[in-house]
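Heads up, the thing below is written out as structure tokens.
For the single chain, residues carry numbers from 1 onward in sequence order.
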Amino acid sequence: MHKRSDKVAEAIHELVSALLVKGLKDPRVGFVTITAVKVTDDLHLATIYYTVIGTDEEKKATRHGLTSAVGFIRKEIGKALRMKYVPDVVFKYDESIEYGSRIDKLLKEIGTAEGEHD
């Protein structure tokens with residue numbers, strides 16, 4: 001059986017993803033993908049994990065754009081979910097994809113180096 005916080009997290013994930021597809025008016029928000037949403041058990045905090053394709057400068061601009069859109073996003077969550085209390089929203093950059101890519105690259109380099117020594 002799912003906890004209520006998991007259901008709320010899933011609903012927030014879908015809603016924020018849809019808002020980003022429709023496009024926030026902020027030009028700083030580039031190509032963003034929401035990778036996960038975690039909501040605390042008391043439903044007071046929603047942490048939204050995202051990734052951005054682009055340069056470090058574009059990632060920084062996107063972070064600022066998302067941070068400035070928190071009020072709008074909370075308002076939209078409140079409209080859609082009709083909850084007694086709308087969770088605070090925090091955006092965090094998801095580094096797991098870059099970390100996984102780096103490990104994959106290192107493993108390939110090790111495999112190549114071992115192939116040369118055989």
Sidechain-backbone polar pair: Thr35 side chain, Tyr49 backbone, donor-acceptor under 3.5 Å
yes

Roughly how far apart are [X] [atom1] and [Y] [atom2], rounded to 0.5 Å?
X     : Y     : atom1 : atom2 : result
Asp94 : Thr47 : CG    : OG1   : 12.0 Å
Ile53 : Thr33 : CD1   : OG1   : 6.0 Å
Lys60 : Thr55 : NZ    : OG1   : 11.0 Å
Thr67 : His64 : OG1   : NE2   : 7.5 Å

May I ask you to test the [X]-[Y] pair for a side-chain heavy-atom distance under 4.5 Å?
X      : Y      : value
Leu106 : Glu109 : yes
Leu19  : Phe72  : yes
Glu58  : Phe31  : no
Lys3   : Asp41  : yes
Ser68  : Arg28  : yes

Let me see the working for Arg74 and Asp88 under side-chain contact (heavy atoms from CB on, under 4.5 Å), right down to the final yes or no.
CA-CA 7 Å; Arg74 275 193 79 207; Asp88 290 326; 3.5 Å; yes

How about NZ on Lys59, more than 12 heavy atoms from neighbouring residues, nucleotides or ligands closer than 6.0 Å, or not?
yes

Start with the C-alpha distance between Ile73 and Phe91, add both sets of side-chain angles, then the distance that settles side-chain contact (heavy atoms from CB on, under 4.5 Å), and finish with yes or no.
CA-CA 11 Å; Ile73 290 171; Phe91 283 96; 3.5 Å; yes

Would you call the rings of Tyr93 and Tyr50 parallel, tilted or perpendicular, where under 30° means parallel and over 60° means perpendicular?
perpendicular

Consider only side-chain heavy atoms of I, L, V, M, F, W and Y, link residues closer than 4.5 Å, and tell whether Leu45 and Leu15 are in one cluster.
no

ILVMFWY cluster, Val90 and Val37 together (side-chain gap under 4.5 Å):
no

Start with the C-alpha distance between Asp6 and Glu10, add both sets of side-chain angles, then the distance that settles side-chain contact (heavy atoms from CB on, under 4.5 Å), and finish with yes or no.
CA-CA 6 Å; Asp6 293 339; Glu10 188 176 321; over 6 Å; no

Under the salt bridge (Lys or Arg N to Asp or Glu O under 4.0 Å) rule, what do Asp104 and Lys108 come out as? Steps first, then yes or no, please.
CA-CA 6 Å; Asp104 191 44; Lys108 286 180 182 174; 3.5 Å; yes

Grab the two heavy atoms, one from [X] and one from [Y], that are nearest each other, plus how far apart they are.
X     : Y     : value
Pro87 : Leu43 : CB-O, 3.4 Å
Thr40 : Asp42 : OG1-OD1, 2.6 Å
Leu66 : Val29 : N-CG2, 4.0 Å

Without placing hydrogens or testing angles, list every side-chain donor-acceptor pair under 3.5 Å for residues 75-84, not counting sequence neighbours.
| unit_1 | atom_1 | unit_2 | atom_2 | d |
| --- | --- | --- | --- | --- |
| Glu76 | OE2 | Lys79 | NZ | 3.4 |

If you apply the rule side-chain contact (heavy atoms from CB on, under 4.5 Å), what do you find for Ile12 with Ile48, and how did you get there?
CA-CA 9 Å; Ile12 290 173; Ile48 302 173; 4.2 Å; yes

